[in-house]
There are 2 protein chains.
Amino acid sequence: MQRRKELPDLSRAELDLMRILWRAGRLSAREVHGQLDEAYGWAYSTTRTVLERLVAKGYLARKPFHGVNLYEPLISRPQGLARIVLDFADRVLEADRGGLVALFARDSSMSPAEVKELEELLKERKP
Amino acid sequence: MQRRKELPDLSRAELDLMRILWRAGRLSAREVHGQLDEAYGWAYSTTRTVLERLVAKGYLARKPFHGVNLYEPLISRPQGLARIVLDFADRVLEADRGGLVALFARDSSMSPAEVKELEELLKERKP
DNA sequence: CTTGGCGTGCTACATTTGTAGCATACTAGT
DNA sequence: ACTAGTATGCTACAAATGTAGCACGCCAAG
């Protein structure tokens with residue numbers, strides 16, 4: 001996974017797709033679309049557009065594979081969520097990040113390694 | 001504080017100003033602007049525009065007072081943050097809201113009453 | 001009085017985001 | 001070989017957001 005100095009923020013829709021890809025690892029646009037909760041009601045082309053924007057933003061890699069494009073994360077989940085967690089801690093919870101990290105360790109589906117990575121990322125960045 | 005069925009989401013900049021007003025209670029545009037961290041580097045008119053958008057969205061009330069407009073929250077902090085907390089719990093932390101609420105009770109600057117209110121709001125809404 | 005500030009109500013404009021559709025190319029079944 | 005069904009690369013477009021500027025009115029200092 002690469003490290004970028006200035007990774008653009010993820011919009012709401014973009015985060016939704018990243019979550020699917022962080023979970024699945026590598027999928028075609030059609031597969032990603034299939035995993036979207038029906039509740040979204042997106043047109044297939046909408047899914048594709050957001051996917052492409054994620055590629056443009058550097059979050060995903062698009063690899064042609066036997067005629068179809070497969071998308072896969074270039075940015076790890078901790079890296080992708082770091083900014084969001086930081087923002088939440090500073091501007092919503094308004095508390096030290098420690099407690100939040102502990103919560104990730106205890107309640108979330110993040111592996112210990114991911115939590116560790118997230119913790120490091122939050123530590124080095126002060127914004 | 002009113003209860004709205006469909007309160008528009010707060011954008012990043014809007015949340016920043018709401019935080020100032022939830023803290024101070026009632027301020028003029030100039031005062032709000034003054035409390036903005038220099039780091040923002042906003043023009044005064046930008047602050048005013050965002051303030052007006054908050055009025056339009058129903059988050060703030062604007063009351064003319066001896067020639068100046070004073071802005072004050074119409075929506076309580078728990079109400080304003082509920083949607084954000086919910087989103088964070090479901091889509092970032094991916095865990096039950098309980099732990100997060102406990103964190104607010106323990107680490108944040110929210111009063112017990114506010115935490116209680118937040119908890120209620122998170123409970124009734126499932127999205 | 002005259003003028004410099006500050007406040008107010010509008011208007012402006014580039015990006016980002018949400019949400020799609022179209023035309024063309026390729027693939028497997030008939 | 002033809003055709004129906006996909007996949008792909010573009011293009012589109014409105015609403016939301018970030019970020020300001022302008023013109024006009026009012027008040028206090030000179």
Side-chain angles (χ1 to χ4, degrees), chain A residues 4 6-21 26-72 80 83-84 87 91 127, chain B residues 4 6-21 26-72 80 83-84 87 91 127:
Chain A
R4 289 254 185 319
E6 44 173 349
L7 201 52
D9 282 352
L10 288 172
S11 73
R12 187 186 180 75
E14 288 164 355
L15 175 58
D16 286 334
L17 296 199
M18 282 309 292
R19 296 211 302 139
I20 290 176
L21 281 156
R26 180 204 322 255
L27 300 173
S28 67
R30 187 62 72 178
E31 292 169 325
V32 170
H33 187 65
Q35 286 200 31
L36 268 184
D37 191 305
E38 344 277 291
Y40 285 71
W42 286 8
Y44 171 56
S45 57
T46 298
T47 300
R48 285 200 317 128
T49 298
V50 177
L51 239 18
E52 280 308 312
R53 286 182 182 166
L54 283 167
V55 170
K57 284 190 175 183
Y59 277 88
L60 295 178
R62 174 189 43 213
K63 323 197 142 169
F65 183 76
H66 292 285
V68 283
N69 287 329
L70 295 186
Y71 296 85
E72 93 181 32
R83 172 65 186 284
I84 299 175
D87 261 30
R91 317 188 328 140
Chain B
R4 287 254 184 319
E6 45 174 348
L7 201 52
D9 282 351
L10 287 173
S11 73
R12 187 186 181 74
E14 287 164 354
L15 174 58
D16 286 334
L17 295 199
M18 283 308 292
R19 296 211 301 137
I20 290 176
L21 281 156
R26 181 207 320 258
L27 299 172
S28 67
R30 187 61 72 178
E31 292 169 326
V32 170
H33 187 63
Q35 287 200 30
L36 266 184
D37 192 306
E38 342 277 291
Y40 285 70
W42 286 8
Y44 171 56
S45 59
T46 298
T47 300
R48 284 201 317 131
T49 299
V50 177
L51 240 16
E52 279 308 311
R53 284 183 183 164
L54 283 167
V55 170
K57 283 190 176 184
Y59 277 87
L60 296 178
R62 174 190 43 212
K63 322 196 145 169
F65 183 75
H66 292 285
V68 285
N69 287 328
L70 295 185
Y71 296 86
E72 92 180 35
R83 173 63 186 286
I84 298 175
D87 260 30
R91 318 189 325 141

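Per chain, numbering begins at 1; letters A, B, ... match sequence-line order. Every heavy atom of this structure was used, including side-chain atoms; hydrogens, water molecules and symmetry mates were not.
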What is the distance, rounded to the nearest whole Å, between atom [atom1] of [X] and atom [atom2] of [N]?
X	N	atom1	atom2	result
E52(B)	dG18(D)	CD	P	16 Å
L15(A)	dT17(C)	CG	C1'	14 Å
K63(A)	dT8(D)	NZ	P	16 Å
L70(A)	dT8(D)	CG	C1'	13 Å
L10(A)	dG18(C)	CG	C1'	15 Å
R62(A)	dC10(D)	CZ	P	9 Å
E14(B)	dT19(D)	CD	C1'	13 Å
L51(A)	dG18(C)	CG	C1'	15 Å

Next on the checklist: Looking only at side-chain N and O atoms, does E52(A) offer a donor or acceptor that is under 3.5 Å from a partner on Y71(A)?
Outcome noted: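 On atom types as modelled, these side chains qualify, holding a pair under 3.5 Å.
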
Item to check | Nearest-nucleotide pick for S11(B), side chain only, options being dT19(D), dT17(D), dG9(D) | outcome: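 Of the candidates, dT17(D) comes closest.
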
Checklist entry - Going through the checks in order, is the side-chain contact (heavy atoms from CB on, under 4.5 Å) test met by L60(A) and M18(A)? => result CA-CA 8 Å; L60(A) 295 178; M18(A) 282 309 292; 3.6 Å; yes

Next on the checklist: Run E14(B) and R53(B) through salt bridge (Lys or Arg N to Asp or Glu O under 4.0 Å) and show every step you take.
Outcome noted: CA-CA 8 Å; E14(B) 287 164 354; R53(B) 284 183 183 164; 5.7 Å; no

Checklist entry - Does OP1 or OP2 of dT15(C) have a side-chain N or O of K57(A) closer than 4.0 Å? => result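 So the side chain of K57(A) is outside the cut-off, no N or O lying under 4.0 Å from OP1 or OP2 of dT15(C).
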
Checklist entry - Between the main-chain N or O of D9(B) and the side-chain N or O of K57(B), is there a donor-acceptor pair closer than 3.5 Å? => result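 Yes, because the side chain of K57(B) sits within donor-acceptor range (under 3.5 Å) of the backbone of D9(B).
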
Checklist entry - For the side chain of Y59(A) and the backbone of P8(A), is there at least one donor-acceptor N/O pair under 3.5 Å apart? => result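 Flag set: sc Y59(A) to bb P8(A) pair under 3.5 Å.
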
Next on the checklist: Students often get this wrong, so: under 4.0 angstrom with heavy atoms, is R53(A) touching a base, only sugar-phosphate, or nothing?
Outcome noted: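 Result for R53(A) = base.
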
Checklist entry - Checking all strands, does R12(A) fall into the base, sugar-phosphate, or nothing category for heavy-atom contacts under 4.0 angstrom? => result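 Here R12(A) touches the backbone only, sparing every base.
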
Item to check | Contact pattern, 5' to 3', of nucleotides 20-30 of chain C - B, S or - by protein heavy atom under 4.0 Å | outcome: BB---------

Next on the checklist: With a 4.5 Å cut-off on side-chain heavy atoms, are L51(A) and L21(A) touching?
Outcome noted: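 Contact flag for L21(A)/L51(A) side chains = yes.
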
Item to check | salt bridge (Lys or Arg N to Asp or Glu O under 4.0 Å) between R12(B) and D16(B), intermediate numbers included | outcome: CA-CA 6 Å; R12(B) 187 186 181 74; D16(B) 286 334; 5.1 Å; no

